[in-house]
Amino acid sequence: MNAAAPAPALLDASADPLDFSLADRLPARAAGRGRLLIGAPPRDGRPGLLFVPGAYHGAWCYAHYLAYFAAAGLACAALDVRGHGALPQDAAFASATIADLGRDVADALDALQAPSVVVGHSMGALPALLAARQCPVAGVVLLAPSPPGDLPGALALPPVPDAAPRAAPGAAEIRARFLATAPGRDVGAVSRRLCAESPQVLNDRYLLRVAVGAAPLGAPGLCLEAGLDTHDRHPPGQDLAIARRYGFSHAVLAGQPHCMMYADNWQASAGAILEWHRAQFG
């Protein structure tokens with residue numbers, strides 16, 4: 001597929017990709033245990049987009065996407081799942097699981113009260129897929145997804161201690177793994193917004209404890225692979241195997257790092273989603 005849909009008007013292509021301040025100005029509302037940031041309300045009959053962040057991240061990480069898809073005339077929202085983004089972490093947070101986050105996504109889909117495409121990044125792909133099993137969705141988009149635990153050939157990772165929330169990655173890991181950027185780059189804007197993560201959520205992913213099943217999801221889908229992703233967590237062929245399992249389209253964005261939604265050229269991934277959405281829904 002061609003990953004270069006025309007960019008919506010009114011966006012500043014020179015804006016700092018690590019400026020997430022739009023997320024602080026958007027309207028927000030509760031949705032179950034989560035919190036929705038509303039980029040644009042429903043406008044027509046086309047499905048909107050619900051963006052689900054990955055580990056350590058909140059809805060803020062989709063600030064650019066929300067502006068982009070709102071400018072394209074699509075309803076869009078991003079979700080803080082429990083304990084993430086602007087939501088506090090209570091005493092129960094360390095025991096939260098990916099199944100719990102899946103319920104948060106399902107609650108958000110219900111709260112939107114309109115057909116939606118659920119978009120999950122990295123670990124967030126798993127609660128997005130679980131929610132798509134629980135309630136109707138118009139489509140599914142996976143961005144550099146973590147593998148379902150029952151995906152044949154999926155590789156487990158070393159677990160983390162489960163006594164307390166896991167501190168967010170530091171600047172060096174953000175540069176190398178999230179952004180594939182220069183060692184000296186200032187990534188403080190990301191560091192300041194990342195949150196600690198539930199060790200159960202991490203170990204659900206690392207120990208392959210989340211089975212999604214191989215049955216069709218009953219909705220079209222797209223899987224975007226980050227060409228600069230690290231092979232320890234995203235070995236070659238894994239994203240394609242996920243796409244084939246669910247009958248999704250698949251594309252490799254060669255110059256994109258793991259966190260493609262705030263990469264230097266984040267418009268490449270946004271454009272690929274928009275092109276796919278237009279092909280599916282007009």
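If you're wondering where the values come from, they're calculated on a predicted model, not measured in any experiment.
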Listing, residues 31-39 side-chain donor-acceptor contacts under 3.5 Å, not counting sequence neighbours, or none:
unit_1 : atom_1 : unit_2 : atom_2 : d
Arg35  : NH1    : Asp80  : OD2    : 2.9

Just distance, no hydrogens or angles: give the donor-acceptor pairs under 3.5 Å from side chains in residues 105-132, sequence neighbours left out.
unit_1 : atom_1 : unit_2 : atom_2 : d
Ser116 : OG     : Ala114 : O      : 3.1
His121 : NE2    : His258 : O      : 2.8
Ser122 : OG     : His258 : NE2    : 2.9

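Of all non-hydrogen atoms in Arg43 and Gly73, the two that sit nearest each other are NH1-CA, 3.2 Å. Summarising the geometry of Asp150 relative to Gly213, their closest heavy-atom pair is OD2-N, 2.8 Å, with the distance given to 0.1 Å. The two residues Arg82 and Leu101 make their nearest non-hydrogen contact at CG-CD2, 3.8 Å. In plain terms, the two heavy atoms of Arg133 and Pro216 that are nearest each other are NH1-O, 3.2 Å. Contact between Glu197 and Ala55 at its shortest, heavy atoms only, is OE1-CA, 3.2 Å. Closest approach of Ala243 and Cys223 over heavy atoms only: CB-CB, 3.8 Å.
No donor-acceptor pair under 3.5 Å is formed between the side chain of Gln256 and the backbone N or O of Glu225. Between the side chain of His277 and the backbone N or O of Pro47 there is at least one donor-acceptor pair closer than 3.5 Å. A side-chain donor-acceptor contact under 3.5 Å links Asp100 to the backbone of Thr97. A donor-acceptor contact shorter than 3.5 Å is absent between the side chain of Arg244 and the backbone of Asp239.
Side-chain contact between Cys195 and Gln89 is present, with heavy atoms from C-beta onward closer than 4.5 Å. Residues His57 and Cys259 have side chains in contact (heavy-atom distance under 4.5 Å, counting atoms from C-beta outward). Residues Arg166 and Pro161 are in side-chain contact: their nearest non-hydrogen atoms beyond the backbone lie under 4.5 Å apart. The shortest distance between side-chain heavy atoms of His84 and Phe93 falls below 4.5 Å. The shortest side-chain heavy-atom distance between Val52 and Asp104 does not fall under the 4.5 Å cut-off. The closest side-chain heavy-atom distance from Gln238 to Arg233 is not below 4.5 Å. In this structure, the side chains of Arg205 and Val210 stay at 4.5 Å or more apart for every pair of heavy atoms.
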For the pair Tyr65 and Ser269, evaluate side chain to side chain contact (heavy atoms under 4.5 Å, CB included) and give the outcome as yes or no after the intermediate values.
CA-CA 9 Å; Tyr65 275 18; Ser269 56; 2.5 Å; yes

Stepwise, does the side chain to side chain contact (heavy atoms under 4.5 Å, CB included) test hold for Tyr62 with Tyr262?
CA-CA 7 Å; Tyr62 288 113; Tyr262 56 84; over 6 Å; no

Does Leu179 form a side chain to side chain contact (heavy atoms under 4.5 Å, CB included) with Leu18? I'd like the steps, not just the answer.
CA-CA 11 Å; Leu179 288 171; Leu18 303 187; 4.2 Å; yes

With side chain to side chain contact (heavy atoms under 4.5 Å, CB included) as the criterion, how do Tyr246 and Val140 come out once you've worked through the C-alpha distance, each side chain's angles and the decisive distance to 0.1 Å?
CA-CA 10 Å; Tyr246 301 111; Val140 178; over 6 Å; no

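Hydrophobic clustering (side-chain heavy atoms under 4.5 Å, transitive across Ile, Leu, Val, Met, Phe, Trp, Tyr) keeps Phe248 apart from Leu49. In this structure, Leu240 is not a member of the same hydrophobic cluster as Leu217, with clusters built from ILVMFWY side-chain heavy atoms closer than 4.5 Å. There is a path of hydrophobic side-chain contacts, each under 4.5 Å, that joins Met261 to Trp276. A single hydrophobic cluster is seen to contain both Leu143 and Phe51, as judged by linkage of ILVMFWY side chains at heavy-atom distances under 4.5 Å, directly or through other members. A single hydrophobic cluster is not seen to contain both Ile242 and Tyr206; linkage of ILVMFWY side chains at heavy-atom distances under 4.5 Å, directly or through other members, places them apart.
Each ring-ring contact (aromatic ring centres under 6.0 Å, His included) pair with one or both residues in residues 142-173, not counting sequence neighbours, would appear here, but there are none.
In this structure, Arg185 pairs ionically with Asp264, as a charged nitrogen and a carboxylate oxygen lie closer than 4.0 Å.
Interatomic distance, CG of Leu26 versus CG of Leu66, reported as 6.0 Å (0.5 Å rounding). Interatomic distance, CG of Leu253 versus CH2 of Trp266, reported as 13.5 Å (0.5 Å rounding). Here the straight-line distance linking atom CG of Leu208 with atom CG of Leu155 works out to 8.0 Å at 0.5 Å rounding.
Remark: Asp186 engages no residue in a side-chain contact (heavy atoms from CB on, under 4.5 Å) (not counting sequence neighbours). Legend: residues meeting salt bridge (charged side-chain N to carboxylate O under 4.0 Å, His left out) with Asp229, ordered by chain and number and at least two apart, are absent. Listed by chain and number, the residues in a side-chain contact (heavy atoms from CB on, under 4.5 Å) with Arg209 are Gln200, Asn203, Asp204, Leu207 (sequence neighbours excluded).
A donor-acceptor contact closer than 3.5 angstrom is absent between the side chains of Arg193 and Tyr56. With hydrogens and angles left out, the side-chain atoms of Ser21 and Asp24 include no donor and acceptor closer than 3.5 Å.
Taking the six-membered ring where the residue is Trp, the centroids of His64 and Phe69 are separated by 6.0 Å or more.
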